[in-house]
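Below is one structure, written out as structure tokens; comments come after it.
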Amino acid sequence: MPGNRFNAFQNHGVGIGLRIPHYRHIFSRKPVVDWFEIISENFMIDAGRPLAVLDQILEQYRVVQHGVSMYFGSVTAPDPEHLRRLKTLVRRTGTPWISDHLCWGSVDGTYTHDLLPLPYTWEAVERTIERVRMVQDYLEIPVAVENVSSYAAFTASQMTEWEFLTEVVERADCGILLDVNNIYVSAMNHEFEPMDYVNAVPAHRVAQIHIAGHSKYEKYILDTHDHPVIDPVWHLYARAIARCGPTPTLLEWDDHIPSFDEVHAEAKKAERYLQRHAGELAGAAQ
Amino acid sequence: MNLQPMSLADLQREMAAAVMMPLTADEDMRAQAPDGRAMSEVAASFIAPNSRLTAFERLEIYNRQYWYRVMGALAEDFPALRTVLGRSRFEALSIAYLTAHPSRSFSLRNLGSELSAWLADNPHFTGRRHLLALDVARIEWAFVEAFDSAERTPLTLDQIATLDADSRLALQPHVQLICLNYPADDLVLALHDGEKRQASEAGVKHDDSPEAPARLPKLRRRPTWVAAHRVDLAVYYRRLQPEEFVTLTSIREGQPLAEAIQSGFADSRIPAARWPQLVREWFATWAELGWICAPDLDALIKT
């Protein structure tokens, strides 16, 4: 399956997040990397070194944008300046799709800079699809919404998280950035079976997959992106690939960042699952 | 008991207020909301417990994450201020500042935009090093602005030479003019690493690094005028003469060229006979650094 309309029919392969500690290695060694994901907000500026670095990267690599502050579920409308800067960056990078989170994080113009979970209510569905549609129309490229890790659930919720996600993406007609690590983290924190989530996701809308590591505490798991991917998360990834087909995959590593080679090697473990799936497809075709 | 379901807007306001409420000294969520309600009841009014955590404990995770994230971001933008004040004083200052000025921007880049002005009004947070701390905060914010502010096409010296006394000019947006009580630019330079933080979606852990020893070089109080500016993507600090500083400030404020230069020399002790030569030298330097631009017509129309 060569991608879908939510990732502009691109099969990017396996990428990693573009992070400052790796700049020197990338520019001096020019390693072969399928693609880099950038955090949009780090480059939504007027000028200076970050944009110069980005332009250098764009000369050699494919880049996909991922945002952390669109807050599709916030009740207050997006800041027009935010949208304007985001669109300017979209034109600069030529990103084939853009992603941000199915969460909220700002209210009445004040920002928490966190990915706060939504209550899974019909009111939240309506609010969220309204904003996703508006952003998608404004940016004129496919938008994918990412499931977040969460540590709290709401008494008001009227459906499961995967039902909420499905309702939003079907009615907003957008893609999904399926974060299988976030599914695992939330499953442990909310005591549900993570595979139920992966099995319920509308596979034809999955534009991209995130994998990452996390930190385990006594009573909960925190999504810290500072460890290798654990086996149970790889199992979820394998199932997601089996359901969605080859999907652009990105390893997130944001804290205690090891060498470029170590991060890249961890990301490339995903290729085993992609190749196994391709082999199964070939076998079935014969 | 109110059984009316909370609207999404009310839930987000209630949760944001809880998440942004300062932690206790032990970094726990406070037991009481500012309006006197028990936080255990506030949390239970919209958050469900699980088999391991109460509603209060689940909300507390977000409360801690918020403070770790914003205080970490502020510390990264003001490393020299943190060193000058020490960790505990800087943290107390950060909590008070961020309570007074929570983020109003989608970008953490702008989190410290009001810190210098707030510090000037709240000297008790900086103690006996208040003026030095104020200087350091101003320099560090100037660094943030100079690092990624816009760069417009500068005027050449030949183009500047064609202007008359009534001409209005503009300064390069990344040029930041700061008036200091101490020559604190060297101190800040020694403490900066030249790279900026990047945002991420990951949860954050508490900064448990030890209190940094505030070993400072001896600084004598001396008015100092500095421009923070960008050359080849790096931020530099350039000391200015006071007359030069005032002239540049006047140009930025939109004064006609002749008035801007007159403002620069209004309180000067430099003999008038030397002024023309000085002005020629300034403009030559400014043109070489690309500091002088034509006024931004779009901005003028908007205002």
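Below, read A as the first sequence line, B as the second, and so on, with proteins coming before strands; counting in each chain starts at 1.
The backbone N or O of B:Glu57 lies less than 3.5 Å from no partner atom in the side chain of A:Tyr151, so there is not a single donor-acceptor pair. Distance alone, capped at 3.5 Å, is enough to place a donor-acceptor pair between the B:Gln12 side chain and the A:Val75 backbone. At least one donor-acceptor pair closer than 3.5 Å links the side chain of B:Arg69 to the backbone N or O of A:His113.
When every heavy atom of A:Tyr111 is checked against every heavy atom of B:Ser105, the shortest pair comes out as CG-O, 3.3 Å. Here the closest heavy-atom approach between residue A:Ala52 and residue B:Leu233 is recorded as CB-CD1, 3.4 Å. B:Ala16 and A:Val107 make their closest contact through CB-CG1, 3.6 Å (heavy atoms, listed as atom of the first residue, atom of the second, distance). The heavy-atom pair separating A:Ala47 from B:Arg230 by the smallest distance is CB-NH2, 3.3 Å.
Classification of B:Asp148 and A:Arg49 as a salt-bridged pair fails, no side-chain N sitting under 4.0 Å from a carboxylate O. Salt-bridge formation is detected for the pair A:Glu191/B:Arg52: a Lys NZ or Arg NE/NH1/NH2 atom is positioned less than 4.0 Å from an Asp or Glu carboxylate oxygen.
The aromatic rings of A:Phe154 and B:Phe46 sit parallel, their planes meeting at an angle under 30°, below the 60° perpendicular limit.
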**Item:** Evaluation steps, side chain to side chain contact (heavy atoms under 4.5 Å, CB included), between B:Asn50 and A:His190
**Value:** CA-CA 7 Å; B:Asn50 67 7; A:His190 302 306; 5.6 Å; no

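Atoms CG and OG1, from B:Leu8 and A:Thr128 in turn, are 7.0 Å apart once rounded to the nearest 0.5 Å.
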